[in-house]
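Have a look at the structure below, then the notes.
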Amino acid sequence: MGAAYSSCSSLSLAFPTVTLYSSPITTSSQSYPRSKPKPFSSTIDKIRNTRFLEPVKIMAQTPFPCSGLAVKCGKVEEVENQEEGTTRKPMVDYHGIDQVLLDEMVYDALVWSSLHGLLVGDKSVERSGKVPGVGLVHAPSALLPMPFPENQWRQAVDLTPIFSELVDRVSLDGKFLQESLSRTKKADAFTSRLLDLHSKMLEINKKEDIRLGLHRSDYMLDEQTKLLLQIELNTISCSFPGLSSLVTELHRSLLNHYGEVLGLDPKRIPGNNAYGYFVEAFAKAWTEYNNPRALVMFVVQAEERNMYDQHWLSAVLKERYNITAIRKTMAEIDAEAELLSDGTLLVGGKAIAVIYFRAGYKPDDYPSESEWRARLLMEQSSAIKCPSISYHLAGTKKIQQELAKPDVLERFLDNKEDIAKLRKCFAGLWSLDDPNIVKEAIERPELFVMKPQREGGGNNIYGADVRETLLRLQKEGTDGSAAYILMQRIFPTVFQTFLLRNGICHKDNAVSELGIYGAYLRNKDKVIMNDQCGYLLRTKTSSSDEGGVAAGFAVLDSIYLT
Ligand code: ADP
Ligand code: MG
């Protein structure tokens with residue numbers, strides 16, 4: 001999802017954003033024109049334009065006077081840039097920040113989050129995942145942005161449209177998807193159901209002329225080699241396009257106010273308009289569907305404490321484009337949906353133009369046959385699915401591993417430069433068919449991560465458990481091993497950080513994972529959108545293996561370019 005971060009000021013976000021990049025990033029083979037943004041007219045835009053136009057002023061209204069702060073806070077020092085070897089740029093020793101200043105910043109960050117909708121449902125309040133406005137708490141976030149080298153940031157941005165094109169091409173090769181996942185099918189019941197759905201679509205020769213992908217490619221920066229290595233490519237239910245944009249604004253706002261005393265420049269935080277782009281993608285897809293009465297449908301979980309991230313998208317879609325989005329669970333869709341003979345999907349009697357999945361990616365989302373019926377009905381319809389079953393399967397970990405094999409990318413992409421760029425970011429990926437790798441992983445389990453075909457965090461196997469699981473699978477000698485892939489473990493650079501959770505600031509050492517969102521929309525041969533569209537930085541304590549924010553391991557963060 002493409003690189004025009006600058007367009008956030010005119011497209012959607014009304015904060016006084018500072019722009020680092022103003023030209024859309026394109027693949028080396030194609031350039032994709034961007035449409036003219038609509039003028040502001042919405043309530044949300046107005047609120048953000050007027051009430052929060054000057055974050056610095058808001059800060060000044062907090063109970064803590066900001067002038068006359070001890071300048072000893074935040075030891076500012078010049079460090080050598082390891083990439084270039086020559087440029088010297090300022091870095092802050094976050095843990096050296098004066099306690100009084102720290103308390104002020106924490107207070108300001110909590111106020112800012114509450115006033116600007118950087119919120120999630122509070123676990124301790126029972127109805128917080130069901131009823132909006134009940135039991136809100138600030139989203140877990142880092143207090144200050146994480147240093148990230150500009151070269152690798154640009155590299156990640158540059159890769160995005162190439163990955164989106166790759167997903168599209170892979171999705172069209174039904175045979176490749178079925179064959180690559182055939183052994184996994186035997187070992188994993190959930191993947192098997194998804195593949196059955198996909199087979200049914202192949203049997204009826206279902207064509208998706210209009211294809212919408214809202215992806216996120218996640219990376220870690222390997223400390224030793226300084227290589228940007230891909231963790232995974234998400235093609236379904238990529239979370240935080242709403243809140244990640246806000247956390248960027250939070251950090252810019254803090255640095256507008258405290259940057260001088262910290263020795264940090266807010267302009268070094270790249271703008272992040274993820275939700276503006278997501279909404280633009282929905283609106284463009286809706287236009288392609290060409291039924292002015294049709295709605296966008298968000299497929300959601302019955303309980304969702306991350307609902308505000310989703311509501312940012314639907315609210316802005318309504319305000320900016322006057323397109324209505326409804327929220328339905330899979331069970332509700334099963335009860336209320338019908339398919340007309342021309343393929344139109346009606347839900348509660350209303351035609352659906354775009355289906356956006358924020359559920360349906362894990363077994364828990366299918367507690368009964370009802371949910372599978374709903375998924376099938378949606379897949380059979382002419383509505384634009386984000387994602388279709390083919391896009392969903394193209395984002396599985398097994399396909400990631402297959403694509404990393406020699407000569408496989410060449411089946412899908414023509415441009416050699418693009419192929420080389422993708423390959424450069426692939427970490428070591430193996431199936432468990434390879435006895436040498438399995439032997440190595442048993443001997444040195446700390447160098448590997450073992451991954452089942454699951455999404456949403458908390459499913460991977462690390463350390464001694466890798467050895468134990470591999471030995472057990474060897475003993476059992478069945479197809480069980482086909483449920484997993486092995487991946488080289490990446491060891492990112494550890495930085496000092498402050499993590500804000502539940503109103504408490506935790507001082508810790510942390511590592512980060514950078515996700516770049518990508519929007520891809522095409523109608524037959526016409527590529528309407530293929531842009532990078534904002535980013536998500538998740539930061540977790542360095543002692544934690546897993547990384548999900550919703551799963552409770554990480555916090556939302558933004559990047560400070562070094
Ligand atoms: P999920 O679909 O559950 O998000 P991921 O592949 O993204 O699965 O893994 C979850 C988390 O585990 C990541 O966010 C990251 O923190 C950690 N992780 C995954 N792969 C690696 C790896 N190769 N090296 C180090 N950490 C990893
Ligand atoms: Mg992940």
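Because the structure is a prediction, the values reported are computed rather than measured. Hydrogens, waters and symmetry mates play no part in the numbers below; they use all other heavy atoms, side chains included. Remember, it's 1-based here, ligands and their atoms both numbered in the order they're listed.
- Smallest separation of non-hydrogen atoms from Leu432 and Leu470: CD2-CD2, 3.6 Å.
- For Asp545, the heavy-atom gap to ligand 1 drops under 4.0 angstrom.
- Classification of the Tyr366-Phe190 ring pair by plane angle, with boundaries at 30° and 60°, yields tilted.
- Close to ligand 1: Gly456, with a non-hydrogen atom less than 4.0 angstrom away.
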### Task
Tell me, with the steps shown, if Arg375 and His392 meet side chain to side chain donor-acceptor pair (under 3.5 Å).
CA-CA 12 Å; Arg375 180 83 192 254; His392 183 173; 3.1 Å; yes
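- Ring orientation note: the planes of His311 and Tyr308 are tilted relative to one another, at an angle of 30° to 60°.
- Nearest protein heavy-atom contact of atom 10 (C) of ligand 1 is Glu546 OE1, 3.2 Å.
- Within the 3.5 Å criterion, the main-chain N or O of Ile399 finds no donor-acceptor partner in the side chain of Ser180.
- Of all protein heavy atoms, the one lying nearest to atom 20 (N) of ligand 1 is Lys451 NZ, 3.0 Å.
- Scanning the protein for heavy atoms near atom 2 (O) of ligand 1, the closest one is Lys397 NZ, 2.7 Å.
- Classified by interplanar angle (parallel below 30°, tilted 30° to 60°, perpendicular above 60°), the ring pair His215/Tyr391 is tilted.
- Ligand 1 places these atoms under 4.0 Å from at least one heavy atom of Gln488: 22 (C), 23 (N).
- Atom 7 (O) of ligand 1 has its closest protein heavy atom at Glu232 OE2, 2.8 Å.
- Nearest-heavy-atom check against atom 21 (C) of ligand 1 across Ile231, Asp218, Thr396 picks out Ile231.
- The aromatic rings of Phe426 and Phe163 lie tilted to each other, with the angle between the two planes from 30° to 60°.
- Heavy atoms of Tyr462 come nearer than 4.0 angstrom to ligand 1 in at least one pair.
- Taking 2.8 Å as the criterion, Glu232 counts as a coordinating residue of the Mg ion (ligand 2), since one of its N, O or S atoms falls below it.
- Note on ligand 1: Val449 sits in its first shell, one or more heavy atoms being nearer than 4.0 Å.
- Looking only at heavy atoms of the protein, atom 16 (O) of ligand 1 is closest to Lys540 NZ, 3.0 Å.
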